[in-house]
Amino acid sequence: MNGDPSNKKNQFIYTLFYSVLVVLTAQINVHLFTRNFVASAGVIVFALLMLLLDEFAAMPVMFLSATGVMVTRSIAGAGKVLTAAEIWKTGMPEFVFYIVFGVVIYLLYNYVYSEGRSWTLFIVLFVPDFAANLAELYIRIGSEMGNASTIFALLLIAFVRTAIILAIYRVILRYGIRITRMPRSGVEVVDGKAYKVNASAGEADESMSDAAETARALYNKLSASKAPSELTERAQALAEELENISMK
């Protein structure tokens, strides 16, 4: 229940844990273009968590991760404790990167992604990566980033990172599903592919199953009480019909 304090506490713990995980993996990075511009593994973890976890709160994790990466990278780069103003001055481009990435991927996932069209997942992962890198690099070097070679490099970074995310995602769905138990609720995995499950249909099937059990129990009671054969036969027919419907 949403009003359960323990549930809210668990949600906060999960959000904090996922944010820390993204911040830690963001430290795995490669420097490109300038000394401070890096391509990191943090967004790979963020995207995978969003795809796989039902309780993943994308917006809070995005904001906490952006803040955490900004602080850790700034302090690590300076090699000393910094003031809040110094942290913002040096780490703001990376903060912007995670904000842009988080907002764009969240919007695309909710309004563009379709389980029935696998190519939409590529768009959901590729576009925010490229847009976020574009925003960060523009803040760092301004108009100098407008040349064709730089744009091509950003496209290549987004493509490679998207390919890595898709590869890991497919491997988890195909081989790790029994161990991780991680797919989102409302998603069924068949032959390594995720398909959306109609929740209302699932609830209807469960109701039909309950009705079939009730009808079967009624039939058993009528049989035991030696009720008229016509009534017993109707109860049996009803029970069998409901059982057949619930099994479809």
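Model, not experiment: these values are computed from the prediction.
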Would you name the heavy atoms of [X] and [Y] that are closest together and state the gap between them?
| X | Y | answer |
| --- | --- | --- |
| T15 | A57 | OG1-CB, 4.0 Å |
| L121 | R170 | CD2-NH2, 3.9 Å |
| P60 | S19 | O-OG, 4.4 Å |
| I165 | V43 | CD1-O, 4.3 Å |
| I44 | R161 | CG1-CG, 3.4 Å |
| G42 | Y98 | CA-OH, 3.6 Å |

Could you go step by step and tell me if F95 and F63 meet the side-chain contact (heavy atoms from CB on, under 4.5 Å) rule? CA-CA 8 Å; F95 179 85; F63 181 78; 3.9 Å; yes

Would you please indicate if the ring centroids of F159 and F126 are separated by under 6.0 Å? no

How long is the straight-line distance from [atom2] of [Y] back to [atom1] of [X], given to the nearest 0.5 Å?
| X | Y | atom1 | atom2 | result |
| --- | --- | --- | --- | --- |
| M70 | F97 | CE | CZ | 15.0 Å |
| L166 | F122 | CG | CZ | 7.5 Å |
| I172 | L48 | CD1 | CG | 5.5 Å |

Shared hydrophobic cluster, [X] / [Y] (ILVMFWY, side-chain heavy atoms < 4.5 Å):
| X | Y | value |
| --- | --- | --- |
| L64 | F101 | no |
| L49 | V100 | yes |
| L154 | I123 | yes |
| Y169 | V112 | yes |
| V23 | Y14 | yes |

Among D129, N110, L51, L125, find the residue that satisfies the side-chain contact (heavy atoms from CB on, under 4.5 Å) test when tested with I105.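 Among D129, N110, L51, L125, the one meeting side-chain contact (heavy atoms from CB on, under 4.5 Å) with I105 is L125.
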
Side chain to side chain, N133 and L137, heavy atoms closer than 4.5 Å: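 Side-chain contact under 4.5 Å: no.
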
I'd like to know whether V96 forms a side-chain contact (heavy atoms from CB on, under 4.5 Å) with Y138, so could you lay out the CA-CA distance, the side-chain angles of the two residues, the decisive distance to 0.1 Å, and finally the verdict. CA-CA 11 Å; V96 170; Y138 181 79; over 6 Å; no

Describe, in one word, how the ring planes of F56 and F46 are oriented to each other, choosing from parallel (under 30°), tilted (30 to 60°) and perpendicular (over 60°).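 F56 vs F46 ring planes: perpendicular.
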
What's the verdict on side-chain contact (heavy atoms from CB on, under 4.5 Å) for Y106 and M59, showing C-alpha distance, side-chain angles and the deciding distance? CA-CA 8 Å; Y106 176 81; M59 293 295 100; 3.3 Å; yes

Judged by atom type as modelled, is there a donor-acceptor pair below 3.5 Å linking the side chain of T72 to the main-chain atoms of V69? yes

Looking only at side chains, do S74 and E86 share a donor and an acceptor under 3.5 Å apart?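 No pair is found: no donor N or O on one side chain lies under 3.5 Å from an acceptor on the other.
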
